[in-house]
Structure formats: C-alpha cells, structure tokens
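The structure under discussion appears below in the form of structure tokens.
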Amino acid sequence: MTAAAIVEAVWRIEQPKLAARLIRTLRDVGLAEEVVQDAFVAALERWPLDGIPDNPAAWLTRVATNRALDRLRRTVMLDSKHRELAIDLAEVERERPDIEAALDEDIADDLLRLIFTACHPALPAEQRAALVLRMLGGLTTTEIARAFLVPEATVAQRIVRAKRTLRDAGIAFETPHGQERNERLGAVLEVIYLVFNEGYVASSGPDWLRVDLGNEAMRLGRVLAGLMPEQPEAIALLSLMELSASRFGARIDGAGNPILLLDQDRGRWDWSLIRRGLDGLARAMALTPTPGPYQLQAMIAACHARAVSAADTDWIAIAAYYQALALAAPSPIVEVNRAVAVGMAFGPEQGLAIADALRDEPRLKDTHLLPTARGDLLAKLGRMDQARAEFRRAAELTGNERERALLLARASLNLT
C-alpha cells in the first residue's frame, strides 16, 4: 500500500475524531475543519518522505493542534474570544504532553457532542445532516449530494451556511439534556442512519462497501441507545443497523464485487449481530404499541435475517411493512422499495405499476434506484430490451464504480 493510500485510509478513520476533538477546543466548526485538512495535507507531503509514523493518529493530532495555534497567533488578537481560544490550546499543549495517551479520551462523547451540536434547532434539517456527514463521515460534497438526491452546489451552500450559523450564534458544543435532547433526537437518528447507509453502499468511489462508516454509525448508535434507553426509535435504529451490517461479509466476493441479497451465502452472515439486532428490536417493540419508521425498517430487516434461504423470505410481510412505512414516513425511495417488495410478494406486474407511477418524481431523476428496480421487474416480465435499457440508465446515474460494473453486466446479459 502506498503512503498516499495509507493517508486516505487514516483520513477516513481519524478525520471525524480529530475534528470533534478540535471543535470542542476551538468552538469553531469551520476553523477546526481547516486545520484538520491542513494536517492531512501535511501527511500527504511528509509521510512518503519520512515514512509512516508509528502512531498516525497521534502525529495528526499534534500537527493539527500546532496548526490551530499558528492560525490563532497570526490573527490580530483584538477580541477576547481569540485570546481565550489561544489560551485554551496552549493549555492543551502544556497539560497533555503525551498526546498518544490522550487520543481516546472522551472521543465517544466528542463525536456525540458533534452530532447533537450539528442538529441544533437553529439549523434547518438539511443543513444538519449535510454538516455531520461532512464532519463525521469525511464525505465530499459530491457524495453528500448523491445521498440527499440534490445538486452538489446545494450541499456546498448548506454546509457553508451551517458553519456560519453555528459560529455566529455561539452555539455551545455539548450534548443537551432532558426535553431538548428528546427534541433533537429525530435529527440525530437521521444523521447516524445516513452515515450508515453511506457505509452500506458507498455513493461513489471504487468500493461497494465502506465498512468503517458502517461500524462508526453502529458505534454511535450504541452510545445513543445507551444514553436514551427509553427511546424505542434509538434502539430500533441500532437494531436496523446491526441486522443490515450482519450481511457485510456476504455482500462482496473476494475481488470486492457486489453480491445481491438473494444471491448471498447466508452462512457468511454474522449471526451474533443478527441475535443482537433481533434482541434490540424486541426491546423497542416492548416500549411502544405504535412502531416508528426505524422500527418498521428493522422489522423488514428481521424478515430477511430470519429467512433460512432467499426462497423462505416472507415477502408478503415485507410488503405490508413497506406500506406502513410509506404512511409513517412517506418518501419516493420508500415507494421504490415497496415496488420491489410488492413485485416479489404479488408478482412483477403489480410492482411495476408502483414503480411506473414514480417515473416523473423529480427527486428520483438523478438516482439509479428507480431504473434499477424497473429493470428487475421488467426482466421478470420477460421485457428484455426495456430491462437492459433501464440497467444502462441506472449505470449512468450511479457514482459507485462497482455498482456501475454490476449494472452494465446485467444490461449485457440475456436476462431471464
């Protein structure tokens, strides 16, 4: 592995932790992100020449802290805020001479503070999620745009405005308590799930999976569920992620190519994660008589987990859960998934009727999801030319290289 590849791998793992740590000290999201990026640029410059440090995270922490100090010292320190920040950073340097020993200190708390801060009511919902995906997941604006189904320029504008709002409003970097915590929970759950989904199927790049993001989302989900054990949706989201992540080991072959759900070797599923997910779902169901959106999705995932083989899948139950989800949290993506489930449960003609009703949905025009679903349904109906055209269209729309290759392969096969 080249030094540049190692830097990229370390970036994906360490960037959110380092950013959260510096935001706590600097109390400025934009400045923290800049110095973190400076540190990784320095790594790209130095590591190929000097070799990979024994502890890359400690090296990056030291460089980022020094860069923050340098920036503040170059600033004309006329206002008390900058003077106070410089003092705070100087104290960090004096009190923590052994950076390696302090690396893991309060990391979980810092990341959770970052999510709750980014989900402050002062920020619109779309800005909250975009900011956390940028800071927590290290995603580019292009990747976030694909996740949100919006133009890249829109995402960039959201992130800039979110940083400015947090800075200008002087919003505290903290985990709220009581009613305020409950009010922000929905936005926090949404962000964690978006991070997980980016790990489950990367929106762009050479890899089908980003297991690091999936694991990070689950870790945050566990912290949150432990923090709010009375909240059924927090527990249900963790259950959903664990049930979905149980399939990670079966979702790619030895070369990293995708393996679709119905073709997976279920012996490679992680049954310890499945047991944990099912236990969590049972706890969530015991807390409320009315399942929320994450509980409904966990119930769908549980149907797949309980099926010994693909043929044993209870598609009628899954279609019913998607119908309930469409009522609880309507969205065009839910409708695409419902079309697939209905097609499996009641025949491709019924599924295609649902999918065809979405063809003019503007929020789906730049995503591969609808043409992929239509391609599957058309192939089952024997309409091969139309199916191939849909798969080719889907391949043009996806940003993931592995997914594009899979779709093009399906477009070239004699589908049956």
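Positions are given from 1 along the sequence. Side chains included, hydrogens not; waters and symmetry mates left out as well; all remaining heavy atoms used.
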(message) Going by the rule side chain to side chain contact (heavy atoms under 4.5 Å, CB included), which residues pair with M285 if we only count those two or more places apart in sequence or in a different chain?
(response) L281, Q295

(message) If the threshold is 4.0 Å, N to carboxylate O, is there a salt bridge linking R276 and D279?
(response)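 Looking at R276 and D279, the cut-off is not met.
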
(request) Could you tell me whether R374 and D356 have a side-chain N and a carboxylate O separated by less than 4.0 Å? (result) yes

(request) Determine, step by step, whether L240 and Y193 satisfy the side-chain contact (heavy atoms from CB on, under 4.5 Å) criterion, reporting the C-alpha distance in whole Å, the side-chain angles of both residues, the deciding distance to 0.1 Å, and the verdict. (result) CA-CA 9 Å; L240 169 60; Y193 193 38; 3.4 Å; yes

In Å and rounded to the nearest 0.5 Å, what is the [atom1] to [atom2] distance from [X] to [Y]?
| X | Y | atom1 | atom2 | result |
| --- | --- | --- | --- | --- |
| L131 | I144 | CG | CD1 | 8.5 Å |
| T117 | R184 | OG1 | CZ | 6.5 Å |
| N337 | L369 | CG | CG | 7.5 Å |

Could you check if a side-chain atom of [X] sits within less than 4.5 angstrom of a side-chain atom of [Y], using non-hydrogen atoms only?
| X | Y | value |
| --- | --- | --- |
| V201 | R251 | yes |
| L220 | V188 | no |
| F40 | V10 | yes |
| L370 | E361 | no |

(request) Name the orientation class of the two ring planes belonging to W59 and W47 (parallel below 30°, tilted from 30 to 60°, perpendicular beyond 60°). (result)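 Plane angle over 60°, so perpendicular.
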
(request) Using the six-membered ring wherever Trp is involved, compare the ring planes of W269 and W271 and label them parallel, tilted or perpendicular (cut-offs 30° and 60°). (result)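 Because their plane-to-plane angle lies in the 30° to 60° range, the rings of W269 and W271 count as tilted.
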
(message) Go through it in stages, so that I can follow the logic: the residues are R393 and E396, the test is salt bridge (charged side-chain N to carboxylate O under 4.0 Å, His left out), and I'd like the CA-CA distance, side-chain angles, deciding distance and then a yes or no.
(response) CA-CA 5 Å; R393 172 170 165 71; E396 293 173 357; 5.5 Å; no

(message) Could you walk me through whether D376 and R410 satisfy the salt bridge (charged side-chain N to carboxylate O under 4.0 Å, His left out) test, starting with their C-alpha distance in whole Å, then the side-chain angles of each, then the deciding distance to 0.1 Å, before giving a yes or no?
(response) CA-CA 10 Å; D376 283 330; R410 299 185 74 187; 2.4 Å; yes

(message) For the CG atom on D265, are there more than 12 heavy atoms of other groups (residues, nucleotides or ligands in this structure) within a distance under 6.0 Å?
(response) yes

(message) Working note: E242 + R222, criterion salt bridge (charged side-chain N to carboxylate O under 4.0 Å, His left out); need CA distance, chi angles, decisive distance, verdict.
(response) CA-CA 10 Å; E242 288 174 337; R222 292 185 184 110; 3.3 Å; yes

(message) Treating E335 as the side-chain partner and I354 as the backbone partner, does any N or O pair qualify as donor plus acceptor under 3.5 Å?
(response) no

